[in-house]
Number of protein chains: 2
Amino acid sequence: MSDGLNERSRQILEAIIEDHIDSAEPVGSRAVTRRHPLGLSPATVRNVMADLEDLGYLCSPHTSAGRVPTEKGYRFYVDTLLKVRPLSDAEQLGIASQYQLKGLPMEELLRQAGQVLSGLSRYAGVVLAPRVATTVFRHIEFVRLSQVRILVVLVTRSGLVQNKLIESDDTPSQSELDQISNYLNQILSGLTLPQIRQKLLEEMSQEKALYDQLLGRALRLSEEAFGGDMEEKVFIEGTSNILDQPEFADVGRMRRLFRTFEQKSQLLDLLDKSQQAQGVQIFIGSESEYHEIEGCSLVTSTYGLRGGAVGSIGVIGPSRMPYSMVIPIVDYTARLITQVLNGTTSQER
Amino acid sequence: MSDGLNERSRQILEAIIEDHIDSAEPVGSRAVTRRHPLGLSPATVRNVMADLEDLGYLCSPHTSAGRVPTEKGYRFYVDTLLKVRPLSDAEQLGIASQYQLKGLPMEELLRQAGQVLSGLSRYAGVVLAPRVATTVFRHIEFVRLSQVRILVVLVTRSGLVQNKLIESDDTPSQSELDQISNYLNQILSGLTLPQIRQKLLEEMSQEKALYDQLLGRALRLSEEAFGGDMEEKVFIEGTSNILDQPEFADVGRMRRLFRTFEQKSQLLDLLDKSQQAQGVQIFIGSESEYHEIEGCSLVTSTYGLRGGAVGSIGVIGPSRMPYSMVIPIVDYTARLITQVLNGTTSQER
DNA sequence: CGTTAGCACTCGAATAGACGGAGTGCTAAC
DNA sequence: GTTAGCACTCCGTCTATTCGAGTGCTAACG
């Protein structure tokens with residue numbers, strides 16, 4: 001076989017990984033033969049296990065313990081061995097019924113999704129909220145709060161509402177602001193924020209602004225409104241679930257994980273990456289230099305609108321994770337979120 | 001003395017508690033005499049310690065360990081023995097410099113305050129965000145998003161911006177909405193939300209609405225806008241700091257604490273309670289039936305506008321906490337926040 | 001009478017050794 | 001190629017022992 005494993009080796013590897021996922025303990029050769037009727041003796045299994053260890057799929061914590069999957073082992077398992085059973089209708093309903101989707105603002109909806117995922121998986125739920133930067137402009141409104149402060153309300157096509165307060169010494173009157181927003185709504189509709197920035201630059205360089213004072217103001221204002229830190233938001237829900245996992249009985253490991261949760265930048269990177277691709281994606285341990293989440297895996301999927309993904313949602317837990325349960329749950333949840341978002345969007349049209 | 005402690009007993013109690021705060025370990029009689037020049041022998045101290053134990057200020061984990069403060073002990077300490085040294089100018093500057101206050105929306109400001117508190121104290125920072133329900137109405141704006149959806153932007157006098165999406169089959173046009181918001185801004189300015197609700201009810205019952213269709217719509221709309229779940233928000237920042245505390249080496253305790261953090265309702269209660277009073281308040285352990293935070297203390301203060309408190313901010317950590325450091329930090333931070341909020345408010349006038 | 005020295009006692013933490021069990025790797029036989 | 005057998009390794013657990021810190025009590029001291 002291309003990966004150097006014959007059918008039997010695969011079966012044994014699968015058996016070991018699944019036993020380990022169940023038990024959280026190293027798996028020995030006897031245990032494999034007992035729980036899996038392969039018609040082989042422990043000795044044979046031992047030989048195969050030695051081979052699997054040589055190939056890097058397994059390792060032993062010490063001489064006389066059983067074997068434990070390596071990251072490479074898990075990777076091979078999820079890529080090749082794992083067969084995910086789709087959720088039954090009843091299961092889908094069970095999940096869907098945990099949501100109260102009615103009239104929630106998007107942020108709350110996403111948080112809730114994270115909580116539900118966390119509850120179902122018994123791990124932590126993670127959510128990458130839609131990035132304003134990639135969504136499509138729909139509507140802008142300026143509200144003059146005072147002589148120096150203006151509230152900018154930005155609505156994207158997906159229904160995401162973003163507020164920003166900008167301060168300026170020279171705020172236009174409300175009626176001027178209304179004109180400005182009318183103008184911006186006209187020329188910017190349907191563009192993404194990066195496109196908008198470029199467009200604004202073009203407009204400004206065209207010098208029209210020089211003889212149209214209002215236009216000039218509009219452009220300066222919108223520069224402020226669209227610039228700056230529309231930062232991306234990561235929610236992590238149900239972190240305390242992870243405390244139940246035996247692998248985190250060690251306080252040091254826990255601490256590292258929670259620090260990672262707090263920084264969020266690592267997770268943000270990963271969730272961001274997951275958005276490039278379609279469907280469920282799985283990140284295992286410190287693959288691709290994310291050392292802080294060593295021993296953990298992240299199962300994500302993307303949600304979004306017809307067009308494409310606007311965010312990611314998933315579950316983080318120890319690499320020893322029942323992928324065959326978690327994957328369909330994440331998958332279905334992402335679809336559910338997508339449905340809801342599209343539902344409200346369609347009303348908007 | 002009224003509490004049954006003479007001067008010497010107090011000194012010894014103070015010494016024990018402070019030693020324990022430093023060391024996290026039971027304090028023995030010898031240790032007290034060594035580190036505190038009271039001119040007493042260990043035996044004498046032992047006698048006093050036995051008395052203090054009888055009175056409930058101390059207890060021993062087991063026969064031949066030193067003594068550890070009880071909750072009653074900590075309570076007596078913070079109420080009677082503790083003398084807080086106000087922060088020096090340099091220290092104040094050191095804290096203030098950690099903030100980037102410019103142009104942050106309030107939620108971010110508060111989160112940041114929580115993070116700074118957490119960083120300074122090495123415990124977790126907690127923040128109760130202003131409750132919309134008690135703040136004063138300043139401005140309302142309706143933005144028509146679609147045939148069935150309206151965005152309500154509500155600005156309170158303290159500068160808090162609250163969004164709400166409401167859905168209705170029969171949305172007025174934008175110009176009607178503008179009329180409505182003008183009307184509401186006129187009649188509601190300066191009222192609190194509960195007052196507003198009452199006022200709305202009155203207006204509606206006055207039947208003026210019956211023959212003024214627009215007014216009727218306005219009232220129905222604002223009913224929706226001001227009703228519903230303007231829930232209170234608690235932020236907890238820097239939870240992973242707490243993992244460093246030796247008292248949480250035990251995983252079970254940690255788990256309970258983190259669960260409490262996730263539920264937030266306990267903390268919300270306490271923070272809410274802290275808002276009743278002025279200045280720094282200290283909640284110790286499971287005093288007043290909050291059993292979930294047994295062994296933990298909460299140091300809070302309120303921030304707000306001239307008028308009164310709109311929220312609380314504080315630090316949660318083990319009861320064995322250097323109160324003499326934490327209290328002035330919390331106190332100063334709360335003042336700082338208040339200043340900033342009032343600063344932006346005054347600009348608004 | 002308050003304070004102190006002395007002493008027996010208690011208990012937990014740390015250390016070391018013994019034991020059992022689970023599991024391996026190797027070799028030789030099937 | 002597979003399997004049985006066997007020696008070996010190593011961990012986790014249990015026990016016994018020791019050590020030290022700290023207490024409570026009693027008697028002596030000023």
Would you list the protein and nucleotides 27-30 of chain C atom pairs, both N or O, that sit under 3.5 Å from each other?
none

Atom-to-atom span, [atom1] of [X] to [atom2] of [N] - whole angstrom:
{"X": "A/Ile12", "N": "D/dG1", "atom1": "CD1", "atom2": "P", "result": "15 Å"}
{"X": "B/Leu38", "N": "C/dT3", "atom1": "CG", "atom2": "P", "result": "12 Å"}
{"X": "B/Leu40", "N": "C/dA5", "atom1": "CG", "atom2": "C1'", "result": "15 Å"}
{"X": "A/Leu52", "N": "C/dG25", "atom1": "CG", "atom2": "P", "result": "12 Å"}
{"X": "A/Asn6", "N": "D/dT2", "atom1": "CG", "atom2": "P", "result": "9 Å"}
{"X": "A/Asp51", "N": "D/dG1", "atom1": "CG", "atom2": "C1'", "result": "13 Å"}

*Reading DNA chain C 5' to 3', how would its secondary structure be written in dot-bracket notation, given Watson-Crick and G-U pairs with both distances under 3.5 Å, brackets [ ] for crossing pairs and | for partners on other strands?*
||||||||||||||||||||||||||||||

When you compare the protein's N or O atoms with those of nucleotides 13-22 of chain D, which come within less than 3.5 Å of each other, and at what distance?
| residue | atom | partner | partner atom | Å |
| --- | --- | --- | --- | --- |
| D/dG22 | O3' | B/Ala65 | O | 3.4 |

Rounded to the nearest 0.5 Å, what's the gap from [atom1] on [X] to [atom2] on [Y]? Could you check?
{"X": "A/Arg75", "Y": "A/Leu81", "atom1": "CZ", "atom2": "CG", "result": "12.5 Å"}
{"X": "A/Glu262", "Y": "B/Ser118", "atom1": "CD", "atom2": "OG", "result": "6.5 Å"}
{"X": "A/Ile12", "Y": "A/Leu52", "atom1": "CD1", "atom2": "CG", "result": "7.0 Å"}
{"X": "B/Thr44", "Y": "B/Met49", "atom1": "OG1", "atom2": "CE", "result": "12.5 Å"}

*With sequence neighbours left out, write down each residue that passes ring pair (Phe, Tyr, Trp, His ring centres under 6.0 Å) with A/Phe258, or none if nothing qualifies.*
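A/Phe258 satisfies ring pair (Phe, Tyr, Trp, His ring centres under 6.0 Å) with A/Phe261, B/Phe258 only.
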
*Considering residues at least two apart in sequence or located in another chain, which fulfil the ring pair (Phe, Tyr, Trp, His ring centres under 6.0 Å) criterion with A/Tyr332?*
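So A/Tyr332 forms no ring pair (Phe, Tyr, Trp, His ring centres under 6.0 Å) with any residue.
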
_With a sphere of 6.0 Å drawn around CZ of B/Arg253, does it hold more than 12 non-hydrogen atoms of other residues, nucleotides or ligands?_
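Yes - once you tally the heavy atoms of other residues, nucleotides and ligands closer than 6.0 Å, there are more than 12.
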
*Respond yes when some side-chain nitrogen or oxygen of A/Ser41 is under 4.0 Å from OP1 or OP2 of D/dT2, and no when none is.*
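No.
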
*Let me know which of B/Pro61, B/Ser29, B/Ser60, B/Pro26 forms a side chain to side chain contact (heavy atoms under 4.5 Å, CB included) with B/Arg67.*
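Among B/Pro61, B/Ser29, B/Ser60, B/Pro26, the one meeting side chain to side chain contact (heavy atoms under 4.5 Å, CB included) with B/Arg67 is B/Ser60.
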
*Only pairs at least two apart or in different chains count here, so list each salt bridge (Lys or Arg N to Asp or Glu O under 4.0 Å) that has a residue in residues 313-331 of chain A.*
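Passing the test, one end in residues 313-331 of chain A: A/Glu247-A/Arg320, A/Asp331-A/Arg335.
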
*When you match B/His62 and B/Ala43 each to their closest nucleotide on DNA chain C, which lands nearer the 5' end?*
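Looking at DNA chain C, the more 5' nearest nucleotide goes with B/Ala43.
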
*Hey, is the main chain of B/Val84 close enough, under 3.5 Å, to the side chain of B/Ser324 for a donor-acceptor pair?*
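Between the backbone of B/Val84 and the side chain of B/Ser324 there is no qualifying donor-acceptor contact (under 3.5 Å).
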
_Closest contact, heavy atoms only, A/Ser319 versus A/Ile284_ =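 What the structure gives for the nearest pair is OG-CG2, 4.0 Å.
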
